[in-house]
Amino acid sequence: MEKNSQEINEKLVILNYIDPMHNVGSQIPFHVSSQCERPADEIITHLIEENLIAYAEIDQILLRETTASLKDFLKIHEDKRSGSKDILVRRIINNYDKDTILSYFSKRYYVLTTEGKKVLNSAHAIFNVPCISLAEYRRVFDKCLCSDYSDFKNEKHYLEFKEMRLGMLDDFKLYKKEIIAVTIASHILGVRTEHNGDICKYFFNHDIPLNYFYKTAKYLSGFISFKQLLESGESIPDGYEMKYIIKSVNDERVCDHCKKYNEKVYSYKDAILGVTFPPFDDCASDFCRCYVSTCLKKKI
């Protein structure tokens, strides 16, 4: 599973670099190849075998050439040299055979196939987040998979969350570790929960309903808010008390249980995650969307 995840990442890194076209004779630069465990040439060979990249067609090769070089070819063959670049390319293709053209224009290029573009576009849709690259997500995900949160804020909360039972994942016990790793990595990097199902599909080739990610992500954010509330409540000035107000989303999807708690005010000392602090265990919706706001109140 881990090997499959790394191979997928490497393929996407190379596809992203090749797009839209890459000179066959040029080496993949270090800043790209260093993101891969296998040699770039080996990955490219596999991409060709899987029909994700191919050699460019003659018209694509000619369009990469300068207008001057196209005119030089036509001059050598005593042909007309007037017109735009597109006209010159079409004139060459229509009047000369493939061997003649390729013997003069020696550069060859890799291009993405239709399937390769589809794969890359899907990855871009997933990671369409400012400053977040696939390689960076992969780095954070790998650390989360190994329960190494030492570089991140909320380290101790992530460690504690990972050890929680999380009954909402009972249907996917085999992939619980991976679901939690994706959820925490997305939380760290600010990737929207709606992308987590696709990320899971890419990294370990398993379809998990998006609803499970929403439940897990909501419970994670609620758990961290709960822990931060308790920590803040212990460090407030004398004469004050930390309170929190429960808020429902207040739309037609809010269940009766959550409506009952809307606008209720509690002391931080009375906070019990899932009971008096959202997300509520007894929420009748697919997942609880309630949240809290905090305030300081003078003790009476």
Side-chain angles (χ1 to χ4, degrees), residues 2-128 132-138 198-199 201-203 205:
E2 181 62 19
K3 183 170 183 262
N4 182 50
S5 170
Q6 177 62 22
E7 286 180 357
I8 290 169
N9 177 62
E10 290 174 342
K11 289 176 184 177
L12 292 174
V13 167
I14 300 300
L15 282 174
N16 189 59
Y17 179 74
I18 289 175
D19 186 42
M21 189 176 282
H22 175 67
N23 189 338
V24 171
S26 299
Q27 282 191 332
I28 301 292
F30 177 76
H31 74 273
V32 176
S33 62
S34 61
Q35 299 178 36
C36 307
E37 291 182 0
R38 295 179 296 162
D41 288 347
E42 179 184 330
I43 298 169
I44 286 173
T45 298
H46 288 162
L47 291 174
I48 293 172
E49 291 172 352
E50 295 174 20
N51 193 34
L52 297 179
I53 63 173
Y55 291 102
E57 299 291 338
I58 289 181
D59 60 336
Q60 295 173 304
I61 293 173
L62 293 178
L63 286 170
R64 291 283 291 189
E65 296 292 333
T66 64
T67 301
S69 66
L70 297 175
K71 288 184 176 182
D72 285 344
F73 174 87
L74 292 167
K75 181 180 179 180
I76 290 172
H77 291 85
E78 300 179 349
D79 206 335
K80 291 192 298 184
R81 287 167 280 161
S82 60
S84 65
K85 187 174 186 178
D86 287 342
I87 291 174
L88 297 176
V89 168
R90 190 52 46 199
R91 185 176 297 145
I92 292 171
I93 291 174
N94 289 341
N95 296 321
Y96 300 91
D97 62 68
K98 182 177 180 180
D99 290 340
T100 301
I101 296 171
L102 294 181
S103 65
Y104 184 88
F105 299 104
S106 58
K107 288 183 180 178
R108 302 292 180 269
Y109 299 92
Y110 296 122
V111 294
L112 270 63
T113 63
T114 300
E115 186 61 29
K117 289 178 180 178
K118 189 185 301 182
V119 169
L120 187 61
N121 288 338
S122 296
H124 283 167
I126 294 170
F127 295 97
N128 187 21
I132 302 301
S133 68
L134 183 61
E136 172 64 4
Y137 193 99
R138 169 74 195 198
D198 290 328
I199 293 169
K201 177 70 173 176
Y202 267 102
F203 278 6
N205 197 29

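Just so it is clear, the structure is predicted and the values come from calculations on it, not from any experiment.
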Can you give me every donor-acceptor pair (side chain of residues 71-82, partner residue at least two apart or in another chain, under 3.5 Å) with its distance?
residue: His77; atom: ND1; partner: Phe73; partner atom: O; Å: 2.9
residue: Asp79; atom: OD2; partner: Tyr96; partner atom: OH; Å: 2.8

Name all pairs fulfilling the salt bridge (charged side-chain N to carboxylate O under 4.0 Å, His left out) condition that reach into residues 39-54, sequence neighbours left out, sorted by first residue then second.
Lys11-Glu50, Arg38-Glu42
Do Tyr55 and Ile61 have side chains that approach each other closer than 4.5 Å (heavy atoms only, starting at C-beta)?
no
I'd like to know whether Ile44 forms a side chain to side chain contact (heavy atoms under 4.5 Å, CB included) with Ile28, so could you lay out the CA-CA distance, the side-chain angles of the two residues, the decisive distance to 0.1 Å, and finally the verdict.
CA-CA 10 Å; Ile44 286 173; Ile28 301 292; 4.2 Å; yes
Does anything in residues 51-65 pair up under salt bridge (charged side-chain N to carboxylate O under 4.0 Å, His left out), and if so which pairs, sequence neighbours excluded?
none
State, to 0.1 Å, how close Ala40 and Ile14 come at their nearest heavy-atom pair, and which atoms those are.
CB-CD1, 4.3 Å
Under the rule for side chain to side chain donor-acceptor pair (under 3.5 Å), what residues qualify as partners of Ser26, not counting sequence neighbours?
none
Using 0.5 Å steps for rounding, measure from the CG atom of Leu12 to the CG atom of Asp19.
12.0 Å
Stepwise side chain to side chain contact (heavy atoms under 4.5 Å, CB included) check, Ile43 with Leu47:
CA-CA 6 Å; Ile43 298 169; Leu47 291 174; 4.2 Å; yes
Tell me which pairs pass side chain to side chain donor-acceptor pair (under 3.5 Å) where either residue lies in residues 100-115, with sequence neighbours left out.
Asp97-Thr100
Among residues at least two apart in sequence or on other chains, which ones pass side chain to side chain contact (heavy atoms under 4.5 Å, CB included) with Ile58?
Leu62, Ile93, Lys98, Ile101, Leu102
Atom of Leu112, atom of Leu15 and distance for their closest heavy-atom approach:
CD1-O, 3.8 Å
